[in-house]
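These notes are about the structure you will find just below.
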Amino acid sequence: MENSFYLKITNHINAVRVTPVHHPCHQLYHVVFEDGYENIFFTDVETGNWIEEDLGETALAAGFGEGLSRLKDSIPMPLKSLSWCRASIATMVVNFGFCTSLDEGNTIFELYADNHKFLCNLVKNKQGKWIMFGSQRTSMEHQYINQVQVIISVLEGMADCK
């Protein structure tokens, strides 16, 4: 359901159209400003702060979050504590955050990209096989397969250190 409201940006009042996007880990909205600028805004799972996709924690993101909170009573997503890793293999550098949980003997890794947006879930099942699910990107498995392979190598290496 699309909503409209006014947002004060550098002493000017601007109309914005806001469309919520269902997401399992973030409060996430597609926002279109009256001047034609549009972007995705979402909450950081660690801090609850608003992030402007690909730009980070901007003043516009913070202002949007404040404006949205006045518009409606939103229930904040529970905050999560992530561990952050940086790994490089050849010329590829991968930054990611993760948290883990156990479910019926399977280890679930909830992964976040370096822009703090949910990437996917990786599950290491009881037999040691890795399964990826929960990606919000339709091209996830093809577009990010090298990145996911590096992440799996890092997670395997961490398990070997225990």
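Computed from a prediction, not measured in an experiment: that's the story for all the values here. Hydrogens, waters and symmetry mates play no part in the numbers below; they use all other heavy atoms, side chains included.
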> Which pair of heavy atoms, one from Gly56 and one from Ala61, lies closest together, and at what distance?
Replying inline: O-CB, 4.3 Å
> How close do Val32 and His30 get, heavy atom to heavy atom, and via which atoms?
Replying inline: CG2-CE1, 3.5 Å
> Do Gln27 side-chain atoms and Thr43 backbone N/O form a donor-acceptor pair below 3.5 Å?
Replying inline: no
Check: residues 94-109 side-chain donor-acceptor pairs under 3.5 Å, at least two apart:
{"residue": "Asn95", "atom": "OD1", "partner": "Arg86", "partner atom": "NH1", "Å": "3.4"}
{"residue": "Asn106", "atom": "OD1", "partner": "Lys126", "partner atom": "N", "Å": "3.1"}
{"residue": "Asn106", "atom": "ND2", "partner": "Asp103", "partner atom": "O", "Å": "3.4"}

>> Among Asn49, Asp44, Thr47, which residue satisfies the side-chain hydrogen bond (donor to acceptor under 3.5 Å, both in side chains) criterion with His116?
In response: Asp44
>> Just to verify, what does His26 make a side chain to side chain donor-acceptor pair (under 3.5 Å) with, not counting sequence neighbours?
In response: none
> Mind checking whether Val93 and Ile152 sit in one hydrophobic cluster, side chains of I, L, V, M, F, W, Y counted as touching below 4.5 Å?
Replying inline: no
> Would Phe64 and Phe33 count as a side chain to side chain contact (heavy atoms under 4.5 Å, CB included) if you check the C-alpha gap in whole Å, the side-chain angles of each, and the deciding distance to 0.1 Å?
Replying inline: CA-CA 11 Å; Phe64 167 74; Phe33 295 82; 5.6 Å; no
> Leu55 and Trp50: same hydrophobic cluster, using ILVMFWY side-chain contacts below 4.5 Å?
Replying inline: yes
>> Using 0.5 Å steps for rounding, measure from the CG atom of Asn121 to the CD1 atom of Ile131.
In response: 11.5 Å
> What closest approach, in Å, do Asn39 and Glu52 show between heavy atoms, and which atom pair accounts for it?
Replying inline: ND2-CG, 3.3 Å
>> Rounded to the nearest 0.5 Å, what separates atom SG in Cys85 from atom CD1 in Ile151?
In response: 9.0 Å
> Given the rule that I, L, V, M, F, W and Y join up when any side-chain heavy atoms are under 4.5 Å apart, are Leu111 and Met92 in one cluster?
Replying inline: yes
>> Over 60° means perpendicular and under 30° means parallel, so tell me whether His23 and Phe118 are parallel, tilted or perpendicular.
In response: perpendicular
>> Through direct or indirect side-chain contacts below 4.5 angstrom among Ile, Leu, Val, Met, Phe, Trp and Tyr, which residues connect to Phe42?
In response: Val21, Leu28, Ile40, Ile51
> Do Lys80 and Tyr112 have side chains that get closer than 4.5 Å, going by heavy atoms?
Replying inline: yes
>> With rounding to the nearest 0.5 angstrom, report the CZ to CD distance, Phe41 to Glu53.
In response: 10.0 Å
> What about Tyr29 and Tyr37, same hydrophobic cluster or not, with Ile/Leu/Val/Met/Phe/Trp/Tyr joined at side-chain heavy-atom distances under 4.5 Å?
Replying inline: yes
>> Distance check, rounded to the nearest 0.5 Å: Asn14 atom CG versus Asp35 atom CG?
In response: 6.5 Å
> What are the two closest non-hydrogen atoms of Ala87 and Val150, and how far apart are they?
Replying inline: CB-CG1, 4.2 Å
